[in-house]
Amino acid sequence: MALLSVLTICILLLDASFAVSSPSVTGDGTSDSEMREIRLLLNKYGAQIETLQRENARLEKKTMKLEKKTISLEEKIMTLEEKIETLEEKSPTFEEQREPKTDRVNSTRPGPDVLGKTDRSAISDRKTQSTKRNPDSTTVSIIAFHAVLAHTIIDPGADHIVTFDHIITNIRAHYSSNTGVFTCVEVGVYQFSWMVKVYVNQWVATELVRNGVVVGTAMSGDDADWTTGTASAITMLALGDEVWVRVAKAHSVGVDIYPTFTMFNGFIIH
């Protein structure tokens with residue numbers, strides 16, 4: 001708009017100056033020629049002025065549209081800010097989340113009643129929960145032992161208990177090196193394994209026994225060299241159950257059991 005105004009003013013001043021300085025406005029040749037040139041200039045620049053005016057009008061429309069869009073965006077931003085403020089007011093703060101809820105209903109069983117009598121069912125439930133074992137917990141009780149034979153057993157008879165008298169590991173001390181017997185003090189599933197070595201050309205069968213009942217058997221020997229035989233078994237044990245390794249009735253005459261590589265171990269699985 002400023003450019004158009006300047007051009008218009010210049011043309012008007014030029015026209016006025018020619019009119020004032022012209023020696024004759026009555027129609028002599030010089031005056032007419034100059035006037036024709038002025039008209040030509042006006043015609044020439046008049047078209048450009050119209051073009052500039054149209055372009056300016058178009059730009060003004062675009063500017064108005066942009067202003068409307070800007071106002072719309074500002075309104076949307078204000079609406080979003082109001083929503084954020086509302087959400088922040090409704091959301092609890094970090095400190096409020098950390099505070100324990102005191103109005104939560106206590107779902108545990110009460111202890112003493114109003115008369116001071118103990119609720120035995122509650123005590124029973126707590127005892128039951130405390131004795132349950134969680135295999136995924138780091139507080140699972142570990143029961144395990146590993147013992148080896150430290151002496152030679154010469155010509156043992158049938159049902160002779162193999163006493164593995166040198167203890168390597170005995171967590172919670174449920175294996176006895178004096179009797180060769182493991183005693184269960186916690187109900188669960190246990191795994192036992194044992195290995196027995198005999199002399200050249202001798203052989204012996206050994207048995208894993210639980211409370212007098214055979215739950216596993218191993219064969220050692222019957223070879224032209226020193227031979228060891230090994231076996232393992234998994235069994236469920238109750239409180240007070242006893243487990244040991246003994247010589248079976250099947251064995252060669254004069255067989256001896258040697259300490260090297262002769263061992264007995266077991267542990268609780270679950």
Exercise for the section: Classify the angle between the aromatic ring planes of H174 and F182 as parallel (below 30°), tilted (30 to 60°) or perpendicular (above 60°). Expected result: perpendicular

If you define the side chain from C-beta out and look only at heavy atoms, does anything of [X] sit under 4.5 Å from [Y]?
X: R54; Y: T51; answer: yes
X: V187; Y: M236; answer: yes
X: V243; Y: L237; answer: yes
X: D256; Y: D155; answer: yes

So, for [X] and [Y], which heavy atoms are closest and what is the spacing to 0.1 Å?
X: V204; Y: V198; answer: CG1-CG1, 3.4 Å
X: A238; Y: C184; answer: O-SG, 3.2 Å
X: T169; Y: I171; answer: CG2-CG1, 3.9 Å
X: P156; Y: H251; answer: O-NE2, 3.5 Å

Mark yes or no for whether [X], through its side chain, and [Y], through its backbone, hold a donor-acceptor pair below 3.5 Å.
X: S232; Y: S193; value: no
X: Q191; Y: I269; value: no
X: D165; Y: L149; value: no
X: N265; Y: F145; value: no
X: Q202; Y: G221; value: no
X: S252; Y: W203; value: yes
X: H270; Y: I268; value: no
X: Y175; Y: F164; value: yes
X: T152; Y: I154; value: no
X: T70; Y: L66; value: yes

Do the side chains of [X] and [Y] join up, straight or via other hydrophobic residues, at under 4.5 Å, putting them in one cluster?
X: V189; Y: L239; value: yes
X: I257; Y: F261; value: no
X: V181; Y: W194; value: no
X: Y258; Y: M263; value: no
X: Y190; Y: F264; value: yes

Can you measure from [atom1] ([X]) to [atom2] ([Y]) and round to the nearest 0.5 angstrom?
X: M195; Y: T228; atom1: CE; atom2: OG1; answer: 5.0 Å
X: H151; Y: T262; atom1: NE2; atom2: OG1; answer: 10.0 Å
X: S177; Y: I168; atom1: OG; atom2: CD1; answer: 11.0 Å
X: N56; Y: E60; atom1: CG; atom2: CD; answer: 4.5 Å
X: Q53; Y: R58; atom1: CD; atom2: CZ; answer: 15.0 Å
X: W244; Y: R210; atom1: CH2; atom2: CZ; answer: 10.5 Å

Problem - Member of V162, V247, I153, T206 meeting the side chain to side chain contact (heavy atoms under 4.5 Å, CB included) criterion with V196 - result: T206

